[in-house]
2 protein chains.
Amino acid sequence: MKTTQNIQVAVDAIVFGYSKENGVSVLLIKRKYEPFQGQWAIPGGFVKDEESLEAAVERELKEETGVKINYLEQLYTFGEPDRDPRKRILAVAYFGLVKSAQFEKLKASTDAEEAEWFNIKKLPKLAFDHKKVLRIAIERLRSKIKYQPIGFELLDKKFPFSDLEHLYTTLLDRPIDRRNFKKKISHLKILDELPEKAKSKGAGRPGNLFQFNKSRYNELVRKGLHFEL
Amino acid sequence: MKTTQNIQVAVDAIVFGYSKENGVSVLLIKRKYEPFQGQWAIPGGFVKDEESLEAAVERELKEETGVKINYLEQLYTFGEPDRDPRKRILAVAYFGLVKSAQFEKLKASTDAEEAEWFNIKKLPKLAFDHKKVLRIAIERLRSKIKYQPIGFELLDKKFPFSDLEHLYTTLLDRPIDRRNFKKKISHLKILDELPEKAKSKGAGRPGNLFQFNKSRYNELVRKGLHFEL
DNA sequence: ACTTTATTGCGTGAAAACAACACAAAATAT
DNA sequence: ATATTTTGTGTTGTTTTCACGCAATAAAGT
């Protein structure tokens with residue numbers, strides 16, 4: 001077996017967060033070193049020899065941003081020989097989501113001076129091929145939210161229905177009929193309606209709170225049903 | 001930058017073929033060397049330093065099996081530290097399809113003595129974690145065929161409608177109502193009906209020949225429609 | 001306090017998609 | 001010629017989706 005191969009393996013983490021005020025945002029870091037020093041980039045780094053890819057993602061995220069991920073899946077592997085100007089680096093990109101509550105917690109973190117959330121419609125110039133990587137990640141988020149209940153991973157544990165609606169309209173970039181949307185979601189029976197009401201912030205009638213019921217969802221999947229918006 | 005990392009990068013190619021007689025099959029090779037010498041495995045090999053991942057896949061496939069792929073996409077990257085007993089190998093797995101005409105051409109190939117097609121329901125024992133890899137690939141094929149027109153990549157350029165129907169019943173493992181299926185497909189207007197008829201092999205009325213119209217399909221996609229069985 | 005404004009919650013009818021179903025036509029096999 | 005195999009097509013009842021309007025609840029404005 002040849003051992004002449006000279007490719008470094010890294011992981012990247014494209015992490016999305018959401019809030020009603022800031023919309024759908026992605027976590028970026030400002031690069032401290034060359035190449036692309038000072039530019040914004042997707043967080044990530046090299047994989048250690050004995051470490052799984054997922055462990056590497058979580059470690060790097062913690063080191064660079066202090067953020068703890070709520071949902072993680074593999075996105076795509078970028079392996080073009082010239083992605084990095086110095087040497088060949090293969091990046092296994094992961095796709096992560098954080099709950100609304102976690103979102104914005106950056107300020108509290110110590111290492112996070114150079115990390116920031118950016119609305120996905122107002123992205124800065126990015127290092128390497130990260131523009132392309134991010135485009136693919138956003139595509140995945142947009143399409144996946146239609147047939148997998150990952151939207152709930154972006155909201156708080158308890159949320160008013162309007163938050164869910166707002167998330168979908170924002171992400172899919174089209175208006176949604178609240179009544180039909182409610183019907184569709186509620187007859188899947190994957191949401192529990194809580195007795196409490198949201199405490200109103202701002203004008204308008206306060207909404208009931210809901211909660212995603214994961215075990216109910218898993219049941220449905222076992223029966224071959226599937227969520228689809 | 002540390003260069004102490006010691007991970008080898010390989011590609012694997014899970015290639016599917018189809019024929020009415022043999023059903024949906026996958027291309028495997030018999031390993032010539034340790035570890036797992038003599039066992040069946042997914043074709044693949046190490047990526048060369050200046051070579052793209054896709055190029056590596058095509059090269060290895062040609063070397064090991066003589067098969068030329070018709071459709072190729074990335075499947076998943078397997079990076080667990082202990083996948084290979086000798087040293088850490090990260091495998092970027094690709095998912096490929098060959099046309100029915102190409103299928104079975106193995107015998108003609110010179111290097112292909114140790115390559116064979118296996119019906120996906122009659123798989124042999126596999127080397128490494130290839131059983132898991134294959135399971136994921138089959139899942140992908142099954143689910144993707146429902147919402148992307150990749151089924152046509154498995155058939156000949158011109159095919160009778162019954163072939164399409166047979167492919168779907170086989171792959172989805174459930175009966176399909178011919179009339180409803182025809183209605184659904186034909187009102188998408190992605191098939192051109194050819195004036196010729198299939199020359200009959202065996203009893204029964206010969207069917208008309210059809211052909212997938214890719215540009216028509218792309219139009220539909222642009223308009224936001226989507227294929228779904 | 002009462003009026004205005006913002007937001008939530010619910011129901012109905014029309015249109016489209018889906019599922020179930022049977023028989024005639026064209027070819028080969030005997 | 002007659003039987004057998006396989007293709008091709010149309011109708012109807014049911015279910016799902018889509019479009020749409022109005023009353024209820026609370027905060028904000030006066």
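Nearest nucleotide to the Ser162(A) side chain, out of dT8(C), dC20(D), dA28(D): dT8(C). Closest to the side chain of Arg179(B), from the set dG8(D), dG21(D), dA22(C), is dA22(C). Which of dG10(D), dC18(D), dG21(D) sits closest to the side chain of Asn180(A) comes down to dC18(D). Closest contact between the side chain of Lys184(B) and the listed nucleotides dT5(D), dT25(D), dA19(C) involves dA19(C). Nearest nucleotide to the side chain of Asn208(A), out of dT5(D), dG8(D), dG9(C): dG9(C). Out of dC20(D), dA19(C), dA25(C), the shortest distance to the side chain of Lys183(B) is found at dA19(C). Listed nucleotides: dT9(D), dG11(C), dT28(C). Nearest to the side chain of Ala203(B): dT28(C).
dT7(D) atom P lies 14 Å from atom CZ of Phe159(B), rounded to whole Å. Between the CG atom of Leu194(B) and the P atom of dT7(D) there is a distance of 17 Å, given to the nearest Å. Atom CZ of Phe181(A) is separated from atom C1' of dC20(D) by 18 Å (rounded to the nearest Å). As a whole-Å value, the separation of Asp163(A) CG from dT7(C) P is 13 Å. Here the C1' atom of nucleotide dC23(C) and the CZ atom of Arg178(B) are 11 Å apart, to the nearest Å. Look at CD1 on Ile176(B): it is 16 Å from C1' on dT7(D), rounded to the nearest Å. Regarding His187(A), its NE2 atom lies at a distance of 10 Å from the C1' atom of dT15(D), rounded to whole Å. Between the CZ atom of Arg174(B) and the C1' atom of dA19(C) there is a distance of 13 Å, rounded to whole Å.
Using a 4.0 Å cut-off between a side-chain N of Lys or Arg and a carboxylate O of Asp or Glu, Asp173(B) and Arg142(B) do not qualify as a salt bridge.
Within the 4.5 Å cutoff, the side chain of Ile145(B) has heavy atoms near those of the Leu167(B) side chain.
Nearest-nucleotide assignment on DNA chain D puts the 5′-proximal partner with Asp177(A), out of Asp177(A) and Lys197(A).
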Show your working on ring-ring contact (aromatic ring centres under 6.0 Å, His included) between Phe16(B) and Phe95(B) and close with a plain yes or no. CA-CA 8 Å; Phe16(B) 294 102; Phe95(B) 167 101; 5.7 Å; yes
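When Phe227(A), Phe152(A), Phe161(A) are each tested for a ring pair (Phe, Tyr, Trp, His ring centres under 6.0 Å) with Phe212(A), only one passes: Phe152(A).
Ring orientation note: the planes of Phe118(A) and Trp40(A) are nearly perpendicular, at an angle over 60° on the 30°/60° scale.
Dashed line: the shortest gap from a side-chain N or O of Lys182(A) to OP1 or OP2 of dC10(C) is under 4.0 Å.
Applying the 3.5 Å distance criterion, the base of dG8(D) shares no donor-acceptor pair with the side chain of Arg205(B).
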